[in-house]
Amino acid sequence: MSSTTTTPAGAPRPGAGPGAERHVVEIRDLAVSFATDAGSVRAVDGVDLTVRPGEVLAVVGESGSGKTVTASTILGLLPENATTRGAVVLANKAGTDEHDVVALSPKQLRAVRGTDVAMVFQEPSAVLNPVFTVGWQITEGLRAHGKVSAKEGRARAIEILERVGIPDAAERVDQYPHQFSGGQKQRIVIAMALVLDPGLIVADEPTTALDVTVQAEILDLLRRVRDEFGTAVVLITHNMGVVADLADTVAVMYQGKVVEQAGARELFADPQDEYTKRLLGSVPRIGEATARTAARAAGRPEGWAEATPVVAARDLEITYPGRFRRPGFPAVRGVDLTIRPGEVLGLVGESGSGKSTIGRAIAGLTPVTGGSLSVLGVEMNGARPREVRPVRSRIGFVFQDPSSTFNPLLTIADGVAEPLIVQGRARDLRAARARVDELLEAVQLPRAYGDRYPHELSGGQRQRASLARGLALEPELLIADEPTSALDVSVQARVLELFAELQAELGFACLFISHDLAVVDLLADRIAVLYRGQVVEEGTGEHVLGAPQDPYTQRLLASLPVPDPVQQAERRVELARLRSLD
C-alpha cells in the first residue's frame, strides 16, 4: 500500500490523557485517493469518525459514497494504487495499546488483524474455503497469532461455534461449508472474526444476501456480540431497517464525505442534511402502497377477473430427484396460484421455500412432477421441449444479479439484443440496434450506454439494462427474481419506480419474487406467501401484510426491520413472542 500520512505514528490523540473518553478506533481527517489511467480519483475526503467500546456505528450511503473504502482502511486492506492521508488510530480491546493503521508495515498489520480488529464480509461463501472443515478455518486465526495445539484449537472452535448459535457444534466442527445453510455460514464467518476476541468488528453488508427471518437472527447475533463479547461494531449497510435495528450511532456518507452524524434515534426522527432526508425518503414502507393497489384494481376493465389466466397452477408439485439412492426432495407441494393478464403477483418466503423453483418451472427451466401448471395456454407437466420452446419467447426474465448474467466480454447492446437474435427477430446486432436503443431509452439509459461493457455501469444501471433485455421480446409474462435485493435504497427506489411505470405502460403480467415484503407490497396486486413449498396465505397486501392470519406470515412480517428505531424495538419484542410460540 502506497500511503502518506499527516499524523506521525504514535502521536498523541487529541483529548488523550487522564479521564479522556476511550475509543476503539478514531479516524481523523481521512482522505483516500486511487491512481487510475484517467488520473487520481478521490474516494474519501476528510472523514472524521470515532467508535467507543461496545458501540455500533453504522456507516450508510449509496454505492460509491466511500463507506466501504473507509471501513477497509481500518484493516489496512486498501489496494496498492491507494494513497492515504490522515490517521486511523486503532486501540486494542483492553485500551493499553494503540496504532495508527495508516503508518503500519504489512507485518505490523498482520499482527493487529484478528486480535484488535476483524472483518465480517458480505458473502460468506466467498470467504470460506470449500476444501477445509469449518473448525480448521476457525483455528487458522489462532495458529496465525501463536502456537496452539490441535486439541486446544478444536476446543476453542467448538466453544465459539456454540456461542454464535451453531447447534451440535461438537459434531459440526468437522463439517465443510457446503453442509451449512446461508445463515449458518454467516454465523461461522462471525465466529472466525470473534475467535481472537478483537475489540472491533467491521461488518460489510453482513445481511444483504439473507432473507428477512435469517437476517433477524444475524442481527440478534451481532447484538449479542456487542453485549456479551463487549465488541464494538462498524456496520456498513444500505438497509436502513438494519441500521434502525442495531446501530447506536449513524454516519451518513455522500461523495466521500460524512454529511451527517448523530445517534440513531435522533437521525431517524429529525434528519438535518438534505441527502439524509432523500435517503430515508427512498425506503419503501409496508402499507404505503395500499391506495396505489386499490387504484390499479379500480382501473381494471370489466370482466378482467374472468379472463383466462396467464399462469394457472393447480396442486403443483416439483420434486428434485435424489442421488446416491437417496429419496427425492419435494421443493413445491400442492401449490395453487393464478396470474391474470396485466397482474403482478408477489411471491414471498424465506430461502428454500420454493419461490425460485416455481419461477423456473413457469419458464420451462425446471420440470413439473405433479399437478398442473398452465403457462400461456401450454400445460407444462409432461410438455415436450418443442412445445415449451415457443412459450419462452413470450416470457421475459430479470435476474437478481445482472453482473453474472451479462457476458463481460460483450457490450450492453450485445446483451440486450441477444433475445432478439436467438428468437430470430433480428439477424445480428446491427439489425437489432434500433430496437436496443429504444429499449435502453425506455429504461432511462442513454442509448450511448449500449456501447459500454457491464463493468462500466453501476449496479442500478446494470439492473436497468437487465430489465431492458427482459422486455426485448415484448413478453406477456415477466418473471423478476429478486431484482432489487443487491441495490442500495436510493437506486432501488428509482428501479422500482421505473418497473411500475413500464408495467403500467406495457401491461405485461409479472411474477415478482422477493424476500423484501415492503418492495412486494409496493408493486404487487396480490401476494402469495410460501413456506416449505406450500402457499400458506394469499391476498392483497392490505390483507396479507396488514392483517396476516397464518403464524408464519406473522413471523415473516415481524422479522422485517423497519426504518424507525423506536418502532423496531417494539417489533423485536413481538418477534421474540412469536418465536416462543413455536
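Just so it is clear, the structure is predicted and the values come from calculations on it, not from any experiment. When reading the values below, keep in mind they use all heavy atoms of this one structure, side chains included, and skip hydrogens, waters and symmetry mates. Positions are given from 1, in the same order as the sequence printed here.
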Scanning both residues in full, the closest heavy-atom pair of Asp245 with Pro561 reads CB-CB, 4.4 Å
Going by an N to O cut-off under 4.0 Å, is there a salt bridge joining Arg224 and Asp220? no
Gln534 (side chain) donor-acceptor with Val536 (main chain) under 3.5 angstrom: no
For the residue pair Phe499 and Phe508, categorise the inter-ring angle as parallel (less than 30°), tilted (30 to 60°) or perpendicular (more than 60°). perpendicular
When you check the side-chain N and O atoms of Gln215 and Ser559, is any donor under 3.5 Å from an acceptor? no
Validate the cation-pi geometry between Arg532 and Tyr552: distance from NZ or CZ to the six-membered ring centre under 6.0 Å, angle to the ring axis within 45°. no
Can you see whether Arg469 engages Thr405 through a side-chain donor-acceptor pair at a distance of less than 3.5 angstrom? yes
When every non-hydrogen atom of Pro565 is compared with those of Arg265, the smallest separation belongs to CB-CG, 3.9 Å
Any carboxylate oxygen within less than 4.0 angstrom of a Lys/Arg side-chain nitrogen, looking at Arg577 and Glu574? yes
For the student: nearest non-hydrogen atoms of Pro563 and Phe268, plus distance: O-CD2, 3.3 Å
Answer whether the closest heavy-atom distance between the side chains of Ile358 and Leu530 falls below 4.5 Å. yes
Contact check, side chains of His178 and Pro130, non-hydrogen atoms, under 4.5 Å: no
Is it the case that more than 12 heavy atoms not belonging to Glu537 sit under 6.0 Å from its CD atom? yes
Any salt bridge between Arg555 and Glu350, counting N to O under 4.0 Å? no
Within the structure provided, determine whether Arg526 and Thr338 are in side-chain contact (heavy-atom separation under 4.5 Å). yes
Going by atom types alone, do Thr213 and Asp211 pair a side-chain donor with an acceptor below 3.5 Å? yes
Give me the one residue out of Asp451, Asp414, Asp428 that meets salt bridge (Lys or Arg N to Asp or Glu O under 4.0 Å) with Arg433. Asp451
With a 4.5 Å heavy-atom cut-off, do Pro483 and Phe512 have their side chains touching? yes
Donor-acceptor under 3.5 Å (Asn381 side chain, Gly371 main chain): yes
Residues Gly165 and Pro167: closest non-hydrogen pair is O-CD, 3.4 Å
Which of Val60, Thr237, Ile236 passes side-chain contact (heavy atoms from CB on, under 4.5 Å) with Lys67? Answer is Ile236
Does any non-hydrogen side-chain atom of Arg494 lie less than 4.5 Å from one of Gln463? no
Are any of the side-chain heavy atoms of Asp336 and Val535 separated by less than 4.5 Å? no
All heavy atoms of Arg571 vs all of Leu560, minimum pair found to be NH2-O, 3.0 Å
If only atom types and distance count, is the side chain of Gln186 paired as donor or acceptor with the main-chain N or O of Gly183 below 3.5 Å? no
Counting distance only, does the side-chain N/O of Arg172 pair as donor-acceptor with the main-chain N or O of Val134 below 3.5 Å? no
Ile412 vs Pro454 side-chain heavy atoms within contact, under 4.5 Å: yes
Are side-chain heavy atoms of Phe399 and Asp481 found at a separation under 4.5 Å? no
Using side-chain hydrogen bond (donor to acceptor under 3.5 Å, both in side chains), reason through Ser372 and Arg314 one step at a time and then give a plain yes or no. CA-CA 5 Å; Ser372 171; Arg314 294 289 179 270; over 6 Å; no
